[in-house]
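As structure tokens, the structure follows; a few thoughts come after it.
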Amino acid sequence: MIARLRASYAASPSASVGASIIIALVILTAAAPLYSPYKPETMDFMAPLSGPSRAHLLGTDNFGRDILTRVLYGYQISLAVALGSVGFGMAAGVTLGLLAGYFGGALDNIIMRPMDVLMAFPAIVLVVALTGFVGREIAVMMLAVAVVYVPIFARVMRGAALECVNELYVEGARARGASHLRLMLRHILPNAIPPVLIQASILMGIAILLESALSFIGLGTQPPDPSLGLMLSEGRSFMQQAPWMVLVPGLAISLAVLGFNLLGNGLQALLNPARMAR
């Protein structure tokens, strides 16, 4: 097992670095209620706009709330939206793309033409429209981002399935009498899923950016709940007096996106067909 981990790290150190960043963020975020001395809404009226200190390691905002605590709790929302939206989008997109790539013909057109229409809209515009009409809850944000991701996953899966459907191992299984369902789930899906996993990692980073953008413009998480985008929005008025109010959440967003992008680039190297064939 250790030898495999070392081989994977040597083949793609960026995947290991990205995974390490994400795992660290998840652990810190999940355990925040256990070790954080503050709650995200707790105000220290004696220390508004206080700089980094022993009491507040990353300073406080204009209400005296601990910025480190709010960043950690803000990550909970960002990661929940990222995982939820990618999970829903991947489940629907992979199913549709697999059906379109395997059967082709009329079914391919029925499935993919609506996907093309969805992809014609800029992602942020579509997400803003959906959240503006439906609501601003976290579940609504997840579903809104998932709707944007469905056609992306569908196109990636369809392309990979088209490459696999005429391979010899699929033809051999078909000649032995394998059903359509068995061919899709047992032979095509496992071999077509690597590019989908790479895309999923990259889209998680983009989902964090979308959630932050929605909160920044007031269509996402609402005060007093913590959100990295909302923290950026609130800190704009205090950039000169308390630059940490903008710097800390901005770096937090960048770190999470960097982790997912490094993981995606690393998976691309690890799941490269040429390497896997060796």
Side-chain angles (χ1 to χ4, degrees), residues 74 77-163 192-222 227-230 232-233 249-250 253-254 256-261 263-265 267-268:
I77 295 176
S78 296
L79 293 175
V81 171
L83 292 172
S85 61
V86 169
F88 289 133
M90 187 174 175
V94 166
T95 302
L96 294 173
L98 183 60
L99 291 172
Y102 179 79
F103 289 105
L107 183 60
D108 185 15
N109 287 324
I110 292 172
I111 292 175
M112 296 310 299
R113 296 299 75 79
M115 299 296 103
D116 292 340
V117 172
L118 283 176
M119 291 194 71
F121 291 95
I124 186 64
V125 173
L126 188 56
V127 171
V128 166
L130 289 173
T131 53
F133 281 112
V134 180
R136 302 177 183 181
E137 293 81 8
I138 295 177
V140 173
M141 279 194 290
M142 287 184 190
L143 292 176
V145 179
V147 169
V148 174
Y149 285 173
V150 168
I152 299 175
F153 282 118
R155 289 185 68 86
V156 173
M157 188 64 201
R158 174 182 177 274
L162 285 173
E163 293 182 3
I193 202 67
V196 176
L197 297 178
I198 296 169
Q199 190 70 55
S201 176
I202 295 172
L203 290 179
M204 283 189 183
I206 297 175
I208 292 176
L209 290 176
L210 288 173
E211 186 278 326
S212 299
L214 287 173
S215 298
F216 184 85
I217 62 177
L219 291 177
T221 305
Q222 299 298 305
S227 167
L228 300 178
L230 183 59
L232 279 175
S233 179
I253 294 171
S254 300
V257 175
L258 175 65
F260 282 115
N261 284 344
L263 179 60
N265 291 336
L267 287 176
Q268 190 170 12

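Shortest non-hydrogen contact noted between Y149 and S85 is CE1-OG, 4.0 Å. The two residues A160 and A192 make their nearest non-hydrogen contact at CB-O, 3.4 Å. Of all non-hydrogen atoms in G84 and M142, the two that sit nearest each other are CA-SD, 4.0 Å. Across every non-hydrogen atom of S212 and I253, the tightest pair is OG-CD1, 3.5 Å. In this structure, R158 and A100 approach most closely via the heavy-atom pair CD-CB, 4.2 Å. The minimum heavy-atom distance linking A207 with A82 is given by the pair CB-CA, 3.7 Å.
Note: L267 CG to S201 OG = 5.5 Å, rounded to the nearest 0.5 Å. For the atom pair CG (D108) and CG (L162), the distance works out to 7.0 Å, reported to the nearest 0.5 Å. The structure places CE of M157 at 13.0 Å from OH of Y102, a figure rounded to the nearest 0.5 Å. Separation of atoms CG (L83) and CE (M90) is listed at 12.0 Å; rounding is to 0.5 Å. Of the inter-residue distances, the one linking L96 atom CG with I110 atom CD1 reads 12.0 Å to the nearest 0.5 angstrom. Distance check: L230 CG to I77 CD1 gives 9.0 Å after rounding to the nearest 0.5 Å.
Counting heavy atoms from C-beta on, the side chains of D116 and R113 come closer than 4.5 Å. In this structure, the side chains of L130 and V140 stay at 4.5 Å or more apart for every pair of heavy atoms. A heavy-atom distance below 4.5 Å is found between the side chains of F153 and V86.
Among T221, V81, L219, the one residue that satisfies the side-chain contact (heavy atoms from CB on, under 4.5 Å) test with L214 is L219.
For S78 (side chain) and I208 (main-chain N/O), no donor-acceptor pair under 3.5 Å exists by modelled atom type.
Within 6.0 Å of the CZ atom in F103, the count of heavy atoms belonging to other residues, nucleotides or ligands exceeds 12.
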